[in-house]
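Each ligand, and each atom within it, is numbered from 1 in the order the structure gives.
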Amino acid sequence: MMDKIIFIALSFIFMTTLSHGQEDYKEIVNENKQYTADHQYDVPDLKDIKLKRKPKNVILMIGDGMGHNQVFAAYTANGGKLNLQNCTHMGLVKTKPAKKFTTDSAAAGTALACGKKTSNGAVGVDADSNKLVNIREELELMGKATGVVSTSSITHATPASFVAHQNKRNMYEAIANDFAESNIDVFIGGGKKHFVDRKDSVNLLNKLEAKGYQVLEDINEIAEVTEGKLVGLTSWEHNKSVLDGRGEKLSKASKTAMTILDGDKDGFFLMIEGSQIDWAGHQNNTSYLVTEMLDFDKAIGEVLAFAAQDRETLVIITADHETGGFGIKDGSYSEGKVEGMFPTKGHTGIFVPLFAYGPGAEEFNGILDNTDIPNLIAELFGTQLNDETK
Ligand code: MG
Ligand code: MG
Ligand code: ZN
């Protein structure tokens, strides 16, 4: 009897360990309540740039788990300034998925990519498992170059929502296959494992090379690329956190993607994710949260500098949901100090902020639903996403 119980208990532990895989970040308990900046950076003023009337390019930036207080924490830590403040328009975004109150990153990513509500866990398909067209694919059909960049594995829920169509977010190998089958021009993130260490023994990187992609792993080599199709897989699974030494990967990958995609005369669509703001929320770790937020804001600085120079790039910066119910008890602008608090280790259903810059930014004001975002982008380019009448 006892043997049997021990056996069942051990199998349970074994199975749950195996099944977690890419979700390990939710298990680590590393609470930390206070962050103090070791340096603060300046931000340029881009608000008076004379922009063109219509957008040619769109860059959608998603801070996973980035609520208002996450933004405010970074703003405080950096002495009362952020690159984000160059955005000229703001909105509040409702994140509710189909059926439930609180979303996961898959349903929210699908809403932001495809303009339809779906069930938690679904990637690029609706609540009845029907395949949805995403805004990246729709703009690709109009001739635009497209890309995705992420600090997680590229097969994780948020970037996957802009490329893949699978019923479950943890179908990483199927999602990697969707990347290899797609016509995307650039993708840079972690997750090499899901392309080469697969149950079907297929090496998707060989397949991608045969399709004409440059395949690179070193971020400094990636940063040198200026044209052609590019796969950048900068880690075996997820990229490290900033605290563990990720460095400037997100800013460098974002710059490379913009440079390559800007070579297309028809314009481009690029999604950039700051993935680990969410994981810091799950771990209730204020230092992790603020450093990931500041890293995301530095990438925002690169994107807005490009948009200000280009003058026909619409930039939308938002979140898929808030994580941790993060609050701020005290802080100091001069010392870059933030004292945080977290009532939950999970996601919340509250509004997330939206910031916009560039031609078309004025469309993204007020209270929006997450599904409005890709639908409004499609409308700006005279098309309609998932139009049943077509
Ligand atoms: Mg083209
Ligand atoms: Mg994510
Ligand atoms: Zn999460």
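At least one N/O/S atom of Glu273, whether from backbone or side chain, sits less than 2.8 Å from the Mg ion (ligand 2). The Zn ion (ligand 3) has Asp278 among its coordinating residues (N/O/S atom, backbone or side chain, under 2.8 Å). The Mg ion (ligand 2) has Thr158 among its coordinating residues (N/O/S atom, backbone or side chain, under 2.8 Å). The Mg ion (ligand 2) has no N, O or S atom of Asp278 under 2.8 Å away, backbone or side chain.
The name of the N, O or S atom in Asp64 nearest to the Mg ion (ligand 2) is OD2. For His282, the N, O or S atom closest to the Zn ion (ligand 3) goes by the atom name NE2.
Partner of Asp104 under the salt bridge (charged side-chain N to carboxylate O under 4.0 Å, His left out) criterion, chosen from Lys99, Lys168, Arg169: Arg169. Exactly one of Lys249, Arg246, Lys252, Lys240 qualifies for a salt bridge (charged side-chain N to carboxylate O under 4.0 Å, His left out) with Asp295. That residue is Arg246.
Judged purely by distance below 3.5 Å, without hydrogens or angles, the side chains of Thr118 and Asp126 never pair a donor atom with an acceptor atom. In this structure, a donor-acceptor pair under 3.5 Å is present between the side chains of His347 and Asp278.
The existence of a salt bridge linking Glu217 and Lys192 is confirmed by a sub-4.0 Å separation between a basic side-chain nitrogen and an acidic carboxylate oxygen.
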